[in-house]
Amino acid sequence: MPELPEVETTRRGIAPHLLGVTVSRVVIRNPSLRQPIPADLDLTLSGRTLQSIRRRAKYLLLAFDHGCLLLHLGMSGSLRVIGLNTPPGKHDHLDLEFGDRVLRLRDPRRFGLALWQPGAEPHPLLGRLGIEPLDDAFDGAWLYRASRGRKTPAKQFVMDGHHIVGVGNIYASESLHSARIHPATPIGTLGPRRCARLAEAIRQTLGAAIEAGGSTLRDFVHSDGKPGYFQHRHQVYDRAGQPCPQCGRTIRVMQMGQRSTYYCPGCQHR
DNA sequence: ATCGGGACCTGCTTGC
DNA sequence: TGCAAGCAGGTCCCGA
């Protein structure tokens, strides 16, 4: 499920219900995520008060005074705040109980993560992450500098979290379409103006999706509904064979780096 | 150093 | 209707 907009929507959805509240118990039903959930997490967190929830890339960082719980939703994860004693489903692997409410992690494919990082140091997994696309520092000049000499296709570059974080398969296709750049264009061949267009398209696409997600925040608790932006009509993603909303040409799909890549042969050029 | 491919998992859709 | 193949929004690790 989650690309950056859903992770950010999740953060905003759960934070008001949990900030400043003390963990009463941790229940691990199935520790087998991409890495095992630490078996002693109950011991680590019980009695501790949640200080903040931040996001870095697609990681959610739940900070306590003695360390930080890292959550990642992988391909299929989701988090809900529900009432205590709500019966768990088959793929509800982890509960953080906060008195009368529960933060529940569901993840059918189990590509997610729940890891504990003691102390104030950031977890090593965060060490090699690229720039946040919504940071002021991310702009056309940054992209131009970072991409010189590279032959990687533009789509793979913007999806590589060591360069730019949070741009997943959907928003990579959408951003490139918005910037009118063919996904296979070697990133290093883009000039300053196309770099500026692409950077702006990424910021704009992600920003709009977060805003759309915000419209469903009030339903976030007790709900299994998908965030609003997910019902939103994408311009090219998952629309192969349909007409491009911009120019009417037929949208195509190709494989790039094992992922389906949607583009419009009319709008997007190398 | 950079890049591509395989690996990790389950569930849903598609096609025979 | 049943079954197998193919595909899905992420990331890490390996080898060329």
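Just so you know, these numbers use all the heavy atoms, side chains as well, and skip hydrogens, waters and symmetry mates. Being a predicted model, the structure only gives us computed values, none of them experimental. The sequence lines fix the lettering, A, B, ..., with proteins before strands; numbering per chain opens at 1.
Taking atom P on both C:dG6 and B:dG6, the two are 14 Å apart, rounded to the nearest angstrom.
Within 3.5 Å, a donor on the side chain of A:R109 pairs with an acceptor on the base of C:dA8, or the reverse.
Between A:D40 and A:W116, the closest side-chain pair of non-hydrogen atoms is not below 4.5 Å.
Closest approach of A:E174 to A:Y237, counting heavy atoms only: OE2-N, 2.8 Å. The two atoms that bring A:S24 and A:G99 nearest to each other are OG-N, 2.9 Å, heavy atoms only.
Between the CD atom of A:E6 and the P atom of C:dG10 there is a distance of 11 Å, rounded to whole Å. Between A:L129 atom CG and C:dG10 atom C1' the separation is 13 Å, expressed in whole Å. Rounded to an integer number of Å, the gap from A:D238 CG to C:dG6 C1' is 15 Å.
Checked by atom type and distance alone, the side chain of A:E200 never pairs as donor or acceptor with a backbone atom of A:G140 at under 3.5 Å. For A:D95 (side chain) and A:E97 (main-chain N/O), no donor-acceptor pair under 3.5 Å exists by modelled atom type. At distances below 3.5 Å, at least one donor-acceptor pair connects side-chain atoms of A:N30 with backbone N or O atoms of A:S32.
Distances shorter than 4.0 Å separate some side-chain N or O of A:S260 from OP1 or OP2 on C:dA8.
Of the two residues contacting DNA chain B, namely A:Q258 and A:F111, the nearest-nucleotide position lying further toward the 5' end is that of A:Q258. Of the two residues near DNA chain C, A:Y59 and A:Q255, the one whose nearest nucleotide lies more 5' is A:Q255.
A heavy-atom distance below 4.0 Å to DNA chain B is reached by these residues of residues 145-155 of chain A, ordered by number: A:R150, A:K151, A:T152.
Residue A:H72 has its side chain nearest to C:dG10 when only C:dC12, C:dG10, C:dG9 are considered. The side chain of A:L125 approaches C:dC12 more closely than any other nucleotide in the set C:dC12, C:dA8, C:dT11.
Every residue meeting the salt bridge (charged side-chain N to carboxylate O under 4.0 Å, His left out) condition with A:D65, not counting sequence neighbours, appears here in chain and number order: A:R48. Not counting sequence neighbours, A:R252 has no partner by the salt bridge (charged side-chain N to carboxylate O under 4.0 Å, His left out) test.
No option in A:R55, A:R54, A:K58 other than A:R55 meets the salt bridge (charged side-chain N to carboxylate O under 4.0 Å, His left out) test with A:E132.
Residue A:G168 is in sugar-phosphate contact alone, with no base atom involved, counting any heavy-atom pair closer than 4.0 Å across all strands shown.
In 5' to 3' order, the nucleotides of DNA chain B bounding all contacts with chain A (an atom under 4.0 Å from a heavy atom) are B:dT2 to B:dG11.
In DNA chain B, the stems built from three or more successive Watson-Crick or G-U pairs (distances below 3.5 Å) are B:2-8 with C:10-16, B:10-16 with C:2-8.
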Which atom pairs, one a donor and one an acceptor, fall under 3.5 Å between side chains of residues 255-270 of chain A and the rest of the protein, sequence neighbours left out?
| residue | atom | partner | partner atom | Å |
| --- | --- | --- | --- | --- |
| A:Q255 | OE1 | A:S260 | OG | 3.2 |
| A:T261 | OG1 | A:K155 | NZ | 2.9 |
| A:T261 | OG1 | A:R259 | O | 3.3 |
| A:Q268 | OE1 | A:C264 | N | 2.8 |
| A:Q268 | NE2 | A:L176 | O | 3.4 |
| A:Q268 | NE2 | A:I181 | O | 2.8 |
| A:H269 | NE2 | A:G266 | O | 3.2 |

